[in-house]
Each structure stands twice: as structure tokens, then as C-alpha cells.
Amino acid sequence: MQADQRHYGRRGFLLLVAGGLSSLAWAGPASRLLSPLTSAGSQLLGDLLPVGGWRIYTISGTMPLFDPSSWRLEIDGLVKHPHSLSYDELRALPKAEQISTFHCVTGWTVNNVHWAGVRFQQLFDLVQPLPSATAVRFVSAEHPYEDSLTLDQLRFPDAMLAYELGGEPLSRPHGAPARVVLPEMYGYKGVKWLTRMELVERQPEGYWEQNGYDQDAWVGRSNGYHS
Amino acid sequence: MATTPSVRRLSRFSRTERALHWVHASAFLVLLASGLCLYLPSLAELIGRRPLLKDIHVYTALAWLAALALVLLAGDRRRLLATAREIDSFDADDLAWLKRRRAPQGRFNAGQKINAIVTAALAVLFAVTGFFLWYGERNHAFRLQNALIVHDWLMYISFFLLLGHLYLSLIHPSTRHSLSAITRGWVREDWALRHHPKWVEQLRQRDVAR
């Protein structure tokens, strides 16, 4: 080997690997810092890239299709007056709006999400939960997805059954026509393609809870995260 | 057919080197395609089948690592080690080539060395972040908040690296003959003299020594 040969290759390799591994510590803050830039770039591409935006997670082969004429939201279980709401009936209830942050348990976040829908209290006023009811089991049209939240959690001021996102009716990937929103918890608690709300005495385990995820999915302090 | 003047063929990549390249390339393409279906919302809606694509992605990653290990176990390790040494060492000509692109180059030019080094680092980082993504879903002690973001960034970097690699190996007229080296193993001597004169010189000296 000649005298002027330098081992830049192994140095470069080790530096890249070390830099890459260290980014596991700083990539989140860095991407949040860059997100105004990257999400603007992504919007230029017609939201082709989910930079600073949504990723769509499903558990089955195809996403449920929403048919406004046949869709019903069943609200039953431990209630005085079970209801079966049509899409129009749901939209006729008093409308609430909010802007909140959406956190996914896998590590991505969408800021300033504009939701519109109904507060759960409106639905509870309709069906009159029995005193024994403590939680709601949310059932998705995407079988076998379901999850649950307690009545106390559903009375949070920013808990919502959303039917609009960004001023538009909820699209198919976002759970048309209605999904659960609770910004304090990770997104897996917010059942999409909702078809049934069953009021129950004890909170059952949902799809991801059966796979080892926490029942209470508080952002930053559940599922192995500590803030 | 008329006889053509015989052009000497120089053996550039051994079977082991080519096997390593194609294992890596084919696995990467499957991982990229399945990964994009998981990542891009438009594809997620169009194609769906997320559980299947997730399985394809994870099992391809396992097959990729197993195949790399197999090549290392069954292949010509001495040759691979010698290749690694070549890629590791940069001489004054390499540094000059990076600045002015005129200096004579060995079997790998400085750009190819950098490509190999970055690709190897990306492979390690993809494997590590991918492991945390896969295992963190099963055991929350292994859940790293930023693993997904880093995995995505690696995809963007490697995607553009791949585009450059494909341009130089398939399209750019003066470099695309190098495709012959990674498919058939050899390149024409006249081409090698233009692009890798120090390597040709080495081969000639070795022939004389024999």
C-alpha cells in the first residue's frame, strides 16, 4: 500500500453510522423544527408525501366504503333509549369545531388539525346512559378494529366524534364518515369508520390493547414513553 | 459475421461481489416498493392490504440479512476483504478526482468508493431502525419515538442515491458500460483504460510478475 493512502472509508462509514444512530435522539425535534419547510414542500407536491402530515394505518385488506344512504351509527348497550342515527341525523346535531394536535403512537405528529363534529355529550343526551355505564366501546366498520374510552374521558372538552377534517367531510382514509378524536391520547384510541357505540359497564380491551398496547394511551406517558 | 479485433476483457467483479450487489439491490427494491405502499397515503388508499405489505416488508428485510450472511459465509471472503480495503483507502489521486475529476483512478473511483461507504452505512441504519420499529411494536421497552422518522429520512437519502446510481450505470453514455462489470463480471480494456487506468496498470504489472 502506498504511503499516501488514507483510511477515509472506514472513518466515513463509522461517522455516518454514529451520526445516524445519534439522530434517534434528535430527529424528532429536528423534524418538528423543519416541518413548516417540509410540509410546505409536501403540499407543493399535492400532499403526495406525508411530511409533517398524515400516514394512513389500517389493519385489514381494504378500507371500508361509506354509503350515506345506508350508513347508521348504532348507539346501544347500557342506555335508556338506544338510537340508530343516519348520517343526516348525525350532521343535524349541534356542530362543534376545534383545532388540536394529533399524535400517533409510532412517533409522528400532525399539528393544527381542524376537526368538526359533535361532542359526545350531545349523543349521551339522546340515549341517556344508565348509571351502571362507565365506558363506550367503539366499533369500526374495519373489522375487527375496536377500542374504548371511559365516559369521563369522553366528557373532556376536546373529545369529539368528528365528521369533518380541514373543513371537508371526512375522507375515506381518515375514517369516513365519522371517527373518534381525543387529542390527549394516541390515535389508536380514535376509532375510524365508526359504526357502533356500545355503552358498557367495564372497559373492554380494544384491537391494539390485545396486542399489548396501553388502555390509557396518554400522549408522552404510555406505551413505553416517558415525558 | 466478420471477425472483430479482439478486445481484451478485464475481470472487474467476482461472483461473490456480484452476488452481494444483487442481493442488496433486489432486496432494496422490494423494500422500497413495499415501504412506499405503507408510507404514502395515496398508495395506502389505492392498494390497501397493509397487513400483507407489512409482512412483505419485514420478511424481505429478514431475507436480505440472511442472504447477505450467506454470501459472506459461502463467498470469497478474501476477495471481499480486499475490496473493502480498496474502498477504505483514498490516495492523493482520489482526493484530486473529487476536486477536479481529472486524476487517474483505480478499480473504484473516489465517487464509487463514497457510494459504497454511504450505502453500507445506510444498510446498517435501516436495519437498526427497522428492528426498533418491528420489535418496538411488540415490546414497548424497545419503542423509540424517533425510529420511524429516521427510517423515513434514510429512505429519502437512499432513494436519491439510487437515482444517481441508476443514471450513471444505465443512462450516462461514458459510464454505463460499467453495467457489464456488475452483470457479466468484465469490462472492455479500452473502457477501463479511460476510467480506471491505475487498475489496468496494476493488472498489467501482476501479469508481468507471473
Side-chain angles (χ1 to χ4, degrees), chain A residues 1-32 46-51 53-63 104-109 171-174 208 211-214 220 222-225 227, chain B residues 36 38-52 54 84-95 98 108 110 113-114 116-126 128-129 132-133 136-154 156-157:
Chain A
M1 189 172 282
Q2 290 163 15
D4 70 336
Q5 304 236 327
R6 290 171 190 277
H7 301 299
Y8 287 144
R10 67 185 72 173
R11 271 185 237 169
F13 172 78
L14 291 173
L15 273 174
L16 286 171
V17 170
L21 291 179
S22 80
S23 75
L24 286 170
W26 51 261
S31 98
R32 279 190 286 283
D47 277 327
L48 183 69
L49 305 174
V51 185
W54 296 96
R55 291 149 207 245
I56 304 302
Y57 293 167
T58 51
I59 58 155
S60 64
T62 53
M63 290 178 197
C104 178
V105 70
T106 62
W108 52 272
T109 292
S171 64
R172 188 183 179 200
H174 285 290
W208 285 110
N211 286 283
Y213 284 61
D214 291 347
S222 64
N223 295 293
Y225 294 135
S227 58
Chain B
L36 285 177
L38 297 172
Y39 177 61
L40 297 176
S42 48
L43 286 181
E45 186 180 6
L46 191 71
I47 296 171
R49 303 203 144 273
R50 186 174 183 87
L52 174 70
K54 224 166 145 176
R85 281 202 199 96
E86 273 182 81
I87 291 169
D88 176 37
S89 55
F90 284 68
D91 61 17
D93 285 332
D94 288 325
L95 301 181
L98 285 175
F108 297 98
K113 288 178 185 179
I114 290 174
I117 292 156
V118 173
T119 301
L122 285 170
V124 171
L125 294 169
F126 265 127
V128 171
T129 52
F132 281 114
L133 286 176
E137 196 172 298
R138 281 145 189 84
N139 182 345
H140 292 174
F142 287 84
R143 187 184 274 292
L144 294 179
Q145 184 127 34
N146 297 328
L148 185 74
I149 295 170
V150 177
H151 207 72
D152 297 343
W153 285 357
L154 295 172
Y156 284 109
I157 296 168

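Each chain gets a letter, A, B and so on, in the order its sequence line appears, and its residues count up from 1.
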Legend entry - Residue Ala147(B) versus chain A: region with a heavy atom under 4.5 Å: both

Inset, instruction - Could you grab the distance from atom NE2 of His7(A) to atom CG of Asp88(B), nearest 0.5 Å is fine? - result: 6.0 Å

Legend entry - Close side-chain approach of Tyr8(A) and Leu95(B), heavy atoms under 4.5 Å: yes

Legend entry - Greatest number of heavy atom pairs closer than 4.5 Å to chain A - which of Glu137(B), Lys113(B), Gln145(B): Gln145(B)

Legend entry - Nearest-0.5 Å distance, CG of residue Leu16(A) to OG1 of residue Thr119(B): 10.5 Å

Inset, instruction - Specify the closest pair of heavy atoms between Trp153(B) and Ala30(A), including all atoms of both residues, with the distance to one decimal. - result: CH2-CB, 4.0 Å

Inset, instruction - Using non-hydrogen atoms and a 4.5 Å limit, figure out which bit of Ile59(A) sits close to chain B: side chain, backbone, both or neither. - result: backbone

Inset, instruction - Check Asn146(B) against Pro29(A) and note the closest heavy-atom contact, atom names and distance. - result: ND2-CD, 4.4 Å

Legend entry - Interatomic distance, Thr58(A) atom OG1 to Leu38(B) atom CG [nearest 0.5 angstrom]: 9.0 Å

Inset, instruction - Would you mind checking which part of Asp152(B) comes under 4.5 Å of any heavy atom in chain A, side chain (CB onward), backbone (N, CA, C, O), both or neither? - result: side chain

Inset, instruction - Drop me the distance from Phe13(A)'s CZ to Leu122(B)'s CG, to the nearest 0.5 angstrom. - result: 10.0 Å

Inset, instruction - Identify which of Ala92(B), Gly136(B), Ala121(B), Ala44(B) forms the greatest number of heavy-atom pairs closer than 4.5 Å to chain A. - result: Ala121(B)

Inset, instruction - Any chance you could measure Ser60(A), atom OG, to Arg49(B), atom CZ, to the nearest 0.5 Å? - result: 9.5 Å

Legend entry - Selection from Ser31(A), Gly12(A), Ser171(A) maximising heavy-atom pairs under 4.5 Å formed with chain B: Ser31(A)

Inset, instruction - Please report the shortest heavy-atom distance between Gly20(A) and Val150(B), naming the atom on each side. - result: O-CG1, 4.3 Å

Inset, instruction - Rounded to the nearest 0.5 Å, what's the gap from CZ on Arg10(A) to CD1 on Ile87(B)? Could you check? - result: 12.5 Å

Inset, instruction - Answer whether the closest heavy-atom distance between the side chains of His140(B) and Tyr225(A) falls below 4.5 Å. - result: no

Legend entry - Option that, when pairs with chain B are counted at under 4.5 Å, heavy atom only, ranks first among Leu14(A), Val17(A), Thr62(A), Asn211(A): Val17(A)

Legend entry - Interface residue of largest heavy-atom contact number with chain A, from Ala84(B), Gly48(B), Ala120(B), under 4.5 Å: Ala120(B)

Legend entry - Closest contact, heavy atoms only, Gly9(A) versus Ile117(B): CA-CD1, 3.3 Å

Legend entry - Shortest non-hydrogen contact from Met63(A) toward Glu45(B): CE-CA, 3.5 Å

Legend entry - Taking every non-hydrogen atom, the tightest pair across Leu148(B) and Tyr57(A): CD2-OH, 3.8 Å

Legend entry - Heavy-atom contact with chain B under 4.5 Å, split by part of Trp26(A): both

Inset, instruction - Please flag which part of Tyr156(B) lies under 4.5 Å from any non-hydrogen atom of chain A: side chain, backbone, both or neither. - result: side chain

Inset, instruction - Could you tell me which portion of Thr106(A) (side chain, backbone, both or neither) has an atom closer than 4.5 angstrom to a non-hydrogen atom of chain B? - result: both

Inset, instruction - Find out whether Val105(A) and Arg143(B) are in side-chain contact, i.e. whether some heavy atom of one side chain is under 4.5 Å from a heavy atom of the other. - result: yes

Inset, instruction - Report the option among Ile56(A), Leu15(A), Asn223(A) that has the most heavy-atom pairs separated by less than 4.5 Å from atoms of chain B. - result: Asn223(A)

